[in-house]
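Residue numbers start at 1 and run along the sequence shown. These numbers come from a predicted model, not from an experiment. Any value given below was found using the heavy atoms of this structure, including those in side chains, with hydrogens, waters and symmetry copies removed.
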Amino acid sequence: MKKINDYFSKESHLQRSLREKEINKLNYSIRFLYINVFIYILITIVEYWLAKIGNSQALRADALNNLSGVISTGVLILGIKEATNVDDDDILGRDLPKENIRSKNSLQLSRFRLETVFTLMTSFIIILIAIQIVYSGIKGLMNLSNFESPNFVSAIGASIATILMLVVWYLNYHNGKKLKNASLQAAAKDSLGDVVTSFSTMITVLLSMALKVAFLDSAVSIVIGIFILWQGIVIFQESSLNLIDYVDPELEKDMRQDIGNIEEVRDVVDLTSRYNGNMLIVDIFVKVAAEDTAMSIYQLNKKIKEELYQKYDVYDVTLTTIPDLEEFDK
């Protein structure tokens, strides 16, 4: 009995350690997301003000693009805060089980999905803002008679935005890669798009000034809106796939092969996996020798968990063994 208790105690300690590690990574990522919000707010105010002064529809579109960054990052911060708040005895206002520890731990783990849920919410915000930008651009194209050429002030605003967005992109990319954090990696993709749109806006304003082309400013604002729309759709797709337990088939194939290479495993009958936030959970059915004892299966379970943890950073593994009845019949 003591060995069983030691096993569960060790497993519980490992899972608690992994949860704390993930929580620390998420809390660390929030610092950079706050920096994102501050810079996005600064850029939005500067660009929108200069767009008014400089008569640039494209710069106004870029300002709204950065406003979407303020909103989406703010929502993401709220999601991460709720996901990492694992010490409370409730989740989103609902009590956690008091007696069933396994159910409580399962619900606590499910908190990490809240990060994905809030990321999904941000995609809707981005899509709505993109639609508004495209609508304004089309409206501008239909009223070219009232066109005023952008001036040099607009170009200065776009230049400032490009430089600041480069800083944001570097922080998100570097720390997202370092922490293996999906939120920062998604923010890095978003901010890289913002760098491109701000730079494109600057070029557009300069060309509009030089060539006096009436439709160019509004046309580019539509392109920016479509680009933002595409970003929102991509974030929506990735978040939705995470929530419906989609995992890269190539990753599952690699895990299946590694488990199949373990000597005691006769065959990997089935392997399914899912994400809770950034935490990977794996369920496996393996075929073993019919004469295997409970102790040998216990040792195999430990070996598989260690293999997947070391190589794929898997948070938890549920192993089901099936005796090789064909071998037994022989």
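In terms of heavy-atom proximity, S198 sits nearest to E47 at OG-OE2, 4.2 Å. Between V265 and V286, the shortest heavy-atom distance links the atoms CG1-CB, 4.1 Å. The minimum heavy-atom distance between S273 and V282, with the atom names listed, is CB-CG2, 4.1 Å. Taking both residues in full, the closest heavy atoms of M202 and S159 are given as SD-OG, 2.9 Å, listed atom of the first, atom of the second, then distance. Between G74 and V37, the shortest heavy-atom contact is N-CG2, 4.3 Å. Shortest non-hydrogen contact noted between V314 and L280 is CG1-O, 3.4 Å.
Atom CD of E263 sits in a sparse spot, with 12 or fewer heavy atoms from other residues, nucleotides or ligands closer than 6.0 Å. No more than 12 heavy-atom neighbours from other residues, nucleotides or ligands sit within 6.0 angstrom of CZ on F285. Annotation for Y246: atom OH counts as buried by contact number, over 12 foreign heavy atoms lying within 6.0 Å.
Note on K311 versus D254: no salt bridge recorded, every NZ/NE/NH1/NH2 to OD/OE distance being 4.0 Å or above.
Between I322 and V288, every side-chain heavy-atom pair lies at or beyond the 4.5 Å cut-off. Counting only heavy atoms from C-beta outward, the side chains of T293 and I297 never approach each other to under 4.5 Å. At least one side-chain heavy atom of K302 sits under 4.5 Å from a side-chain heavy atom of Y298. In this structure the side chain of L33 reaches within 4.5 angstrom of the side chain of N36, judged on heavy atoms. Between Q310 and E306, the closest side-chain pair of non-hydrogen atoms falls below 4.5 Å.
Legend: residues meeting side-chain contact (heavy atoms from CB on, under 4.5 Å) with S123, ordered by chain and number and at least two apart, are L120, I235, F236.
The distance from the CG atom of L308 to the CG atom of L319 is 9.5 Å, given to the nearest 0.5 Å. The CG atom of N242 sits 9.5 Å away from the CD atom of E238 when rounded to the nearest 0.5 Å. In this structure, the separation between CG on L300 and CD1 on I262 is 6.0 Å, given to the nearest 0.5 Å. Rounding to the nearest 0.5 angstrom, the gap separating the CG atom in N301 from the OG1 atom in T320 is 9.5 Å. Atom CZ of R266 sits about 12.5 Å away from atom OG1 of T321, to the nearest 0.5 Å. Within the model, atoms CZ of R256 and OG1 of T272 stand 9.5 Å from one another, a figure rounded to the nearest 0.5 Å.
Between the E307 side chain and the I259 main chain, no donor and acceptor come within less than 3.5 Å of each other.
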- So I222 and I138, side-chain contact (heavy atoms from CB on, under 4.5 Å) or not? Walk me through it. CA-CA 7 Å; I222 294 173; I138 293 172; 3.8 Å; yes

- Task: Go through the steps for D283 and R274 under the test salt bridge (Lys or Arg N to Asp or Glu O under 4.0 Å), then give the verdict.
- Result: CA-CA 9 Å; D283 297 323; R274 64 190 184 279; 3.1 Å; yes

- Test T318 against I284 for side-chain contact (heavy atoms from CB on, under 4.5 Å), laying out the working first. CA-CA 6 Å; T318 300; I284 313 164; over 6 Å; no

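Linking Ile, Leu, Val, Met, Phe, Trp and Tyr residues whenever their side-chain heavy atoms come within less than 4.5 Å leaves I131 and L67 in two separate clusters. Following chains of ILVMFWY side-chain contacts shorter than 4.5 Å, one can reach W49 starting from Y40, so the two form part of one hydrophobic cluster. Residues Y48 and I160 are members of separate hydrophobic clusters, defined by side-chain heavy-atom contacts under 4.5 angstrom among Ile, Leu, Val, Met, Phe, Trp and Tyr. Cluster membership check: I226 does not share its hydrophobic cluster with V223, using side-chain heavy-atom separations under 4.5 Å among Ile, Leu, Val, Met, Phe, Trp and Tyr. If you chain together hydrophobic residues whose side chains sit under 4.5 Å apart, I156 and I203 fall into the same group.
The side chain to side chain contact (heavy atoms under 4.5 Å, CB included) test with N66 is passed by exactly one of I43, I45, V168: I43.
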